[in-house]
Structures are given as structure tokens and as C-alpha cells.
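Order of the sequence lines sets the chain letters (A, B, ...), proteins ahead of strands, with each chain counted from 1.
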Protein chains: 2
Amino acid sequence: MTMATKYDRIADDLREQIAQGTLRPGQQLPPETALRDRYRVSLVTMRRALDELAAEGLIEKRHGYGTFVRKPRQRVVRDASRHQWEKERARLPHAERFGTGATERDTGLEMKDLDFRADYSVTPASEDLAEIFGVPAGTKLLKRVYRTKPKSEEYPLGLGQSLLVYDVVAENPHLLDSANEPWPGGTQAQLYTIGIELGRIREQIIARPPSASEAEQLGIDSGVSVFDLRKISYDINGRVVEIADTVLAGDRTQLVYNIELDRWQ
Amino acid sequence: MTMATKYDRIADDLREQIAQGTLRPGQQLPPETALRDRYRVSLVTMRRALDELAAEGLIEKRHGYGTFVRKPRQRVVRDASRHQWEKERARLPHAERFGTGATERDTGLEMKDLDFRADYSVTPASEDLAEIFGVPAGTKLLKRVYRTKPKSEEYPLGLGQSLLVYDVVAENPHLLDSANEPWPGGTQAQLYTIGIELGRIREQIIARPPSASEAEQLGIDSGVSVFDLRKISYDINGRVVEIADTVLAGDRTQLVYNIELDRWQ
DNA sequence: GAGTGGTCTAGACCACTGT
DNA sequence: CAGTGGTCTAGACCACTCC
């Protein structure tokens with residue numbers, strides 16, 4: 001066994017107590033000064049040990065209030081079958097689509113339990129985005145920023161943004177007005193009104209620490225990860241129709257994908 | 001504008017210089033003591049600013065040697081189509097399978113460029129695992145721990161563990177001996193030898209901070225996220241055949257899934 | 001106002017690297 | 001060996017939260 005640093009040994013000790021249940025979820029730890037005295041180290045060293053645990057998401061420090069053992073959070077399962085599910089509902093009459101968006105399906109909540117906000121704007125396509133859409137750089141894009149928050153929670157599940165080619169969507173002027181949100185049935189129901197059927201969806205996922213602004217908006221501290229998910233929707237002709245970027249709180253989300261395999265001959 | 005801390009302003013300044021190219025990838029930064037004098041702060045504060053940048057992966061500190069601007073890390077794309085691809089190769093003759101595992105496909109490297117290690121052991125099934133496998137708790141499982149590392153890199157891409165029901169695999173004694181690893185073509189080729197064809201794969205993904213041990217093994221800072229991916233393999237009869245857990249460095253990996261949608265009638 | 005965590009300092013000493 | 005980053009200290013003062 002190699003010699004560990006003081007802060008590592010202190011962090012190990014506290015980790016162990018959390019694992020054993022000696023320190024329970026939600027419980028407040030003694031003040032840093034008290035812990036410093038208990039472990040007979042300097043305050044800086046004691047704080048460093050606590051910072052390690054905070055980075056692992058095991059404890060949560062609240063400035064001016066105290067340090068607490070983190071409660072493991074219930075994760076919302078986001079199953080990729082949501083896309084097929086949404087597609088099948090896109091052509092249903094309004095009444096049947098109502099209150100049955102993909103988010104509602106994931107969370108088990110109804111639309112009346114959710115606070116919904118959408119902000120529309122128009123933006124020129126950057127080089128990167130234009131290449132994905134297969135259009136010239138600078139092409140007008142409709143940018144829609146979404147926030148969906150369960151009324152029972154303080155913070156949204158994720159920060160979402162969707163991009164569509166403006167001239168494509170403009171065929172149906174209703175789609176250009178955020179006042180028509182939430183649109184029951186979601187984006188695929190909207191695309192149906194302009195004759196677009198999706199054939200394939202590609203999802204690219206990155207895991208990273210949140211930026212300061214994301215941490216604040218999602219109500220997580222910097223010791224938690226986020227999913228950074230880009231969804232690219234292709235119509236049945238292979239044209240890119242939508243690019244949607246979503247940032248999901250890592251401690252509240254689980255992603256699920258099912259891959260069907262072709263049979264051997 | 002809110003007042004920032006000293007270390008934030010120093011980190012911002014250095015971030016800017018890296019972004020502008022004033023500091024170039026691979027370039028060595030001045031010693032901490034010199035930077036401390038330049039920014040007129042204490043050594044602790046200076047180090048904290050550098051630690052921020054290290055956590056973001058912008059710089060790399062080498063004990064006793066120096067601090068360097070990091071060359072941007074390339075993300076290995078792990079596309080879920082690897083499973084279908086692997087399946088099609090599972091029945092090929094040994095020579096054609098050789099050097100064509102899914103990891104090699106992801107990284108573009110050949111088997112000779114990879115260091116590979118596998119440790120086999122036998123373990124009784126916990127309640128949770130037994131339920132997924134659909135067997136009684138305590139059933140013997142073959143546990144295989146994998147490490148795959150590009151020879152050109154210092155650290156492995158991921159930490160992997162695979163579980164199989166022992167009595168199922170025992171039909172082919174070769175599969176019980178880690179000395180036969182790496183098995184060209186991967187697990188599906190191994191399962192083929194005992195007459196098992198996979199029909200479906202389910203992947204469940206979580207994003208979280210690494211534990212101290214994971215951070216060390218993967219060579220990432222505790223300020224980087226990891227993917228925690230569980231792959232459950234079903235045979236063509238719907239029976240669970242394998243449960244594989246993998247921890248992937250978040251700053252070196254991108255996950256990709258393609259979802260084909262059924263046509264409207 | 002009392003109690004908590006956050007920032008910052010000046011300086012000692014240790015551990016690692018390359019020549 | 002010289003030069004670098006890593007650990008640790010004792011103590012001052014600031015900023016936030018709650019009552």
C-alpha cells in the first residue's frame with residue numbers, strides 16, 4: 001500500500017462513513033472547524049478533503065449554511081423508443097395527442113403538472129450547423145429554446161434547444177409562433193403539418209461537467225455531471241430536418257437505448 | 001458584472017491566451033512561482049487557478065517537470081452499430097475475425113496497437129443481477145474484468161466488466177480461461193461457440209463524476225465526468241445472456257445511437 | 001448577530017523529473 | 001543537482017444563510 005496524503009485518508013474515512021450509513025443522506029456534517037479539530041489538520045487540508053467528496057457528488061456544501069450528505073436522486077428514464085412512440089402519435093387527432101408528449105411519457109406526469117416555456121428566434125446558420133443541415137452557411141434557422149419543469153420540482157429536467165430551417169417550417173405559419181406551444185404531440189406532429197415524415201434519428205452524447213450557468217439553471221452543484229445530447233432528425237429521404245441540443249442533469253437522468261440485431265442467415 | 005475571484009480572473013486570462021493561440025498546444029507555461037509574481041498573488045491562489053484549467057482539461061501538470069498546454073483530446077466515437085457489426089463477424093473464420101474487435105473499430109487502431117488484459121473470476125449473483133438474468137440469487141457467474149489501452153496512450157479508454165452465467169458458458173471450457181483472451185471477434189464470437197445468437201441489446205447510460213479510484217485508473221482529473229454504461233445482451237429467445245458494465249472517460253468518448261423509425265402506413 | 005463556508009496570504013518542506 | 005510541482009500549516013478576513 002502506498003502512503004496516501006492526509007486529505008485522501010480523511011476523504012476515505014468520510015466516504016466509508018457515508019457508505020456504511022454512519023452518515024446518512026441529508027444529514028449535516030459538523031462544521032469544517034470541528035472536523036479540522038477532529039482530524040488534527042489545518043483548515044485548508046480539511047477543506048480539500050471535503051472538496052474531493054463534493055466533486056464526487058457525495059456531499060453538498062451550501063455557503064453559509066452547512067455541509068450535507070447528498071441524497072441519491074431518482075433518475076428519470078429517457079428511453080429512445082420515445083421517438084417511435086412520438087411518431088405514431090403525430091398523426092392522431094388533436095384530442096388524442098393532447099397531454100401525451102415524450103417528456104410526459106418519460107416522467108409519468110401529465111401536461112397539467114408541467115410548466116412549459118418556449119422562446120422562438122431566428123438565427124443564421126453557423127458553418128458547423130449549415131454543414132449538418134446541408135444548406136449554405138448563413139441560411140435562416142428557427143431557433144426554439146425550451147424549458148420544461150415539473151410543477152413539483154424547483155428546477156427543470158433539462159435545457160433544450162431546437163433548430164429548424166426557417167424556410168422549410170414557414171410553410172405553416174402557425175409553427176413560427178411560440179404562442180402555439182406547447183404543441184401536443186411534439187415536433188413530429190408539427191412536422192406532419194408540413195408533410196414531413198421522419199425516417200431516422202441520430203443521437204450523439206457527451207458527458208461533461210456543467211458550466212456555471214447550466215449548474216445554476218438545472219439546480220445542480222458543480223460536482224455533478226451533465227449529459228450533452230444532440231439529436232439529429234432525418235426525414236424519409238435522408239435530409240436533416242432538425243438539430244436539437246439538450247443538456248440533462250446527470251444525477252436525475254438515465255438514458256436507455258434498445259438495439260435490435262438482424263438475424264443470422 | 002459581478003466581482004470575480006482572483007483565481008477566476010487569472011484562469012480567464014490564461015484561458016483566453018490558450019484560445020487566442022498566444023499559448024500553444026504542447027507549450028510549457030512558466031513555473032508557478034513566476035506566474036505568482038506576474039499576477040501578484042499567493043502561490044496557493046495561483047495554483048488554484050491552474051487547477052481549474054487542469055480540471056477543464058486545458059492544461060496538464062507534470063509533477064517535477066512543468067505545466068503544459070494540453071493538446072485537444074480526440075473523442076473516440078462509440079457507435080451502437082458496433083453491435084450489429086460485431087454480430088456479422090462472429091461467425092467468420094478466425095483469420096478474418098483477427099484484429100477486428102469492436103474497440104479496434106471505434107479507435108481505428110489494430111490489435112497490435114492495443115494492450116489488452118483480462119482477469120476472470122467466479123462470483124455468486126447478487127439479488128439485482130439475478131433478477132436481470134432471470135436466475136436464482138447466488139447462481140454462479142463468470143466475471144471478466146477488462147482493460148484495453150492504446151499503446152500510444154498512458155491510460156485505458158475505459159474500465160470494463162462482463163458477467164455471464166457460469167453454467168451456460170461452461171459448455172465450452174475454452175471460454176473459462178482468460179489465457180484465451182483476447183478472443184478475436186469479441187463476446188458474440190465466444191457465444192457463437194456455444195450456439196448462442198444475440199437478438200437484442202439494451203444500453204443504459206448514466207453520467208456521473210468519477211470515483212477517486214476511477215479517476216486514477218483512467219488518468220482523468222476528478223473534474224471530468226464519466227459515462228457509466230450497462231449493456232444487457234438478450235439472445236434471440238429474449239433470455240439475458242450477458243451484463244456488461246463499462247466506465248468511459250467523459251472527455252475522450254462520444255456515444256452515438258441511430259434509431260430507425262417505422263414508416264407511417 | 002451567530003454560525004457557516006469561501007477566499008487569500010506567506011512561508012516551510014516534500015516528491016518528482018531530467019541532466 | 002537544480003528546477004519543478006505537491007502538500008501542509010496558522011491565521012486573517014469576506015460572504016452567505018438563517019433566526
Which is true for B:R47 with a 4.0 Å heavy-atom rule: it touches a base, it touches only sugar-phosphate, or it touches nothing?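 The answer is base, as B:R47 lies within the cut-off (heavy atoms under 4.0 Å) of a base atom.
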Looking at every strand, decide which applies to A:T33 at a 4.0 Å heavy-atom threshold: base, sugar-phosphate, or nothing. nothing
Along DNA chain C (nearest heavy atom to each residue), the more 5'-positioned of A:Y65 and B:V41: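 It is A:Y65, whose closest nucleotide lies nearer the 5' terminus.
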Only pairs under 3.5 Å count here: list side-chain donor-acceptor contacts from residues 21-36 of chain B, not counting sequence neighbours, and write none if there are none.
| unit_1 | atom_1 | unit_2 | atom_2 | d |
| --- | --- | --- | --- | --- |
| B:Q27 | OE1 | B:R24 | N | 2.9 |
| B:Q28 | NE2 | B:Y65 | O | 3.4 |
| B:E32 | OE1 | B:R47 | NH1 | 3.2 |
| B:E32 | OE2 | B:R47 | NH1 | 2.9 |
| B:E32 | OE2 | B:K61 | NZ | 3.3 |

Results of ring-ring contact (aromatic ring centres under 6.0 Å, His included) for B:Y146 - residues two or more places apart only: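 Applying ring-ring contact (aromatic ring centres under 6.0 Å, His included) to B:Y146 gives B:F116.
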What is the separation between atom [atom1] on [X] and atom [atom2] on [N], rounded to the nearest whole Å?
X: B:I59; N: D:dT4; atom1: CD1; atom2: C1'; value: 14 Å
X: B:E60; N: D:dT4; atom1: CD; atom2: P; value: 18 Å
X: B:H63; N: D:dT4; atom1: NE2; atom2: C1'; value: 7 Å

Does CD in A:E131 sit with more than 12 non-hydrogen atoms of other residues, nucleotides or ligands closer than 6.0 Å? no
Is it the case that the side chains of [Y] and [X] hold a donor-acceptor pair, with the cut-off being a distance below 3.5 Å and no angle test?
X: A:R202; Y: A:Q204; result: yes
X: A:D13; Y: A:Y39; result: yes
X: A:R144; Y: A:T187; result: yes

For A:R62 and for B:E32, find the nucleotide of DNA chain D with the closest heavy atom, then tell me which residue's nucleotide is more 5'.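 Of the two residues, B:E32 wins.
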Using a heavy-atom cut-off of 4.0 Å to chain A, what are the terminal contacting nucleotides of DNA chain C, in 5' to 3' order? C:dG3 to C:dT7
